[in-house]
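Report on one structure; see the data block that follows.
Every chain is numbered from 1 and lettered A, B, ... according to where its sequence line falls, protein lines coming before strand lines. These numbers come from the heavy atoms of this one structure, side chains and all, not from hydrogens, waters or symmetry mates.
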Amino acid sequence: MRIAVAAAEGGGGALRPLADDGAPAGPAETVGDLAAAIAERERAAGPRWVWPATARLYPRLLEAGVRVARCHDLELVESLLLGHQGRYGEPRSVRAAWARLRGEPVPADPPPPQEAPPQGSLFDTSSDAAFDASFEASFGEEGPGAGGRPVAEGPGRGLHSAAGELERIVAVHAEQLRRVAELPGFALLAAAESAGSLVAAEMGHDGLPWSAERQDELLTELLGPRPTGGMRPRKLQALADRINAAFGLRTPVNPDSPAQIMKAFAAVGLPVTSTRAHVLKRVDHPAVPLLLEYKELSRLHTAHGWTWADTWVRGGRFRPEYVVGGVVSGRWATNGGGALQIPRVLRRAVVADPGWSLVVADAAQLEPRVLAALAGDRAFAAAAAEGDLYAALSEAFRGTASDGATARDQAKIALLSAMYGGGTGEAVRLLAVLKSRFPQAFEYVEAAARAGERGALVRSRLGRTCPPPSAGWRRLTSEGDEPGGDGDGAGASGEPGGGASRQVTAAQALRSRGRFTRNFVVQATAADWALALLAALRRRLAELGRPRLVFFQHDEVVVHAPAELADQVREAVHASAEEAGRLLFGRTPVVFPMEVAVVDCYADAK
DNA sequence: AGATCAGGCGCC
DNA sequence: AAAGGGCGCCTGATCT
């Protein structure tokens, strides 16, 4: 059972029940209180809700205390379907999908809601009705393709027009179901992506437990007391002073300026090509260790310091905005707050409420296990049936170790090189071992790389598809080995970006694209798996009641739960990981073990 | 003054 | 210990 939903301004909306093939199963109905109507039907029938975008509608429901079990996010699914055809960046709104369906001119997506401050009247400006009203304000009722006549009824949108949108929603949904059914894995992908959108909104709503006090203590310990005005914290200023003393130059250098640092090194007779940490580490000068320490602390201060806390932490919670499908591989991105780049040292500030625990779970060696399951290489899969995959592979690499490295280290290097397209120095030798002992696993990623180099698309297990190469890339790589233009083809995924040299050769462009598609099949399938895990875990946690998913970072989840439920959450995590493996790969010897820690503080996990 | 680019580094 | 791909966000420098 499904129910299509269109929101109106003012909290009302329109609903229509659908059969599982998307056909209307009853009359449309308008309601004055959409949240209440959804809550009532969720209790009665537990339908799959079909709506344009969870990100715009669901936060309002959560504010009203309403949660739902399942949904179909039309925009996310439209993106996946377009992507499967190699059509990246085309409009994905319901109106656009509707226009494509009818062979009419396709309107551009309306711009995203202006600014989304971390707190404030967020939900009014980002609600679905406002989104649609903004569409009409921008383009007129029929969209830009129809000449954009003026909007008669002003910026708002009432129940009448919600009913009109409902008609488009029903039609677009039915068409999506038809297309999804033709693509293996896609039904699961659409469901998992939609479940992810629910998790993302709920995590943004619930927030990650965060102690601003602990953060302040940590910052004070590392940087000195919080400075006033725009001053540098005491310890940072002291380092800057010592850096200048070490250079001993007449004109002072600002350690935040790479250009000035490079000049300073040149002035003392030690020119450097850049001021990256790994470059500086090779330079023997007393300023180097000071600069490295300065960079580390400065980053903490500017990216996750007191200003960050003022902006993002409220009421003991950090509430980032997650962007489902924000990365082409299916990983999530975030919008503000840098939730996926929180420095490890700051995990000290993530603390469970009194009487509650954090269940921190991370998938061990996820990407090589995914490769094992994808490739169907029996010897390799046997290793991936073990708790420590690299250790299980190490027999094959015995005797390859130089210096102090173990065979396990060598196995890990070989695997990472295969999955990421590295291969300098000894990695080449280790790759040869991998190729001879695990030919199918090796061939799987090689085939993905070759596909990329000839401009083909590659897909994840469930069908998520990489973006096509740009026109610039095609032009460059079809012209032979002539040096290319001025970065004209750069920008799209898997193409050489800026960097020191603007000149990109055809060979470089080919290799870069090959590395991208080689990595894509593994990273995107790992993201498939992680989404399936998340969906399964969310369902199990709902049965337990109070536990909440509060953090998700690629292959790691954190659940905030009453302490007495922590063991049940732990079991739910293990069961969900197993379920995810089964959903993606069916019967496979490969296991996807989770390392789970029950802690009061995130920093105490592993 | 505001927008954009480049360099750099945090996370997986 | 690192390598690779993927991101977001900061500052300084430069452009408009």
How would you list all residue pairs meeting salt bridge (charged side-chain N to carboxylate O under 4.0 Å, His left out) that involve residues 214-228 of chain A, not counting sequence neighbours? A:Arg226-A:Asp310

Heavy-atom count check: over 12 atoms from other residues, nucleotides or ligands less than 6.0 Å from A:Arg87 CZ? yes

Nearest whole angstrom, please: distance from the [atom2] of [N] to the [atom1] of [X].
X: A:Arg344; N: B:dC9; atom1: CZ; atom2: C1'; result: 16 Å
X: A:Leu280; N: B:dG8; atom1: CG; atom2: P; result: 8 Å
X: A:Leu291; N: B:dG8; atom1: CG; atom2: P; result: 12 Å
X: A:Arg347; N: B:dG10; atom1: CZ; atom2: C1'; result: 11 Å
X: A:Tyr322; N: B:dC11; atom1: OH; atom2: P; result: 16 Å
X: A:His278; N: B:dG7; atom1: NE2; atom2: P; result: 13 Å
X: A:Arg276; N: C:dA2; atom1: CZ; atom2: P; result: 16 Å
X: A:Ile261; N: B:dA6; atom1: CD1; atom2: C1'; result: 16 Å

By the 4.0 Å heavy-atom rule, please label [X] as base, sugar-phosphate, or nothing.
X: A:Ala339; value: nothing
X: A:Ser274; value: sugar-phosphate
X: A:Thr302; value: sugar-phosphate
X: A:Gly337; value: sugar-phosphate
X: A:Gln523; value: base

B:dG10, OP1 or OP2 - any side-chain N/O from A:Arg299 closer than 4.0 Å? no

Give a yes/no on whether any side-chain N or O of A:Arg331 is located under 4.0 angstrom from OP1 or OP2 of B:dC11. no

Spacing of CG belonging to A:Leu340 relative to OG1 belonging to A:Thr334, to within rounding of 0.5 Å: 4.5 Å

With nearest nucleotides of DNA chain C determined for A:His554 and A:Gly338 from heavy-atom distances, which residue corresponds to the more 5′ nucleotide? A:His554

Applying side-chain contact (heavy atoms from CB on, under 4.5 Å), can you list everything that pairs with A:Ala259, at least two apart in sequence or on another chain? A:Ser257

Look at the rings of A:Phe438 and A:Phe380 and say which category their plane angle falls in: under 30° parallel, 30 to 60° tilted, over 60° perpendicular. perpendicular

DNA chain C-proximal residues of residues 525-538 of chain A, any heavy atom under 4.0 Å: none

Are the charged groups of A:Arg450 and A:Glu453 less than 4.0 angstrom apart, N to O? no

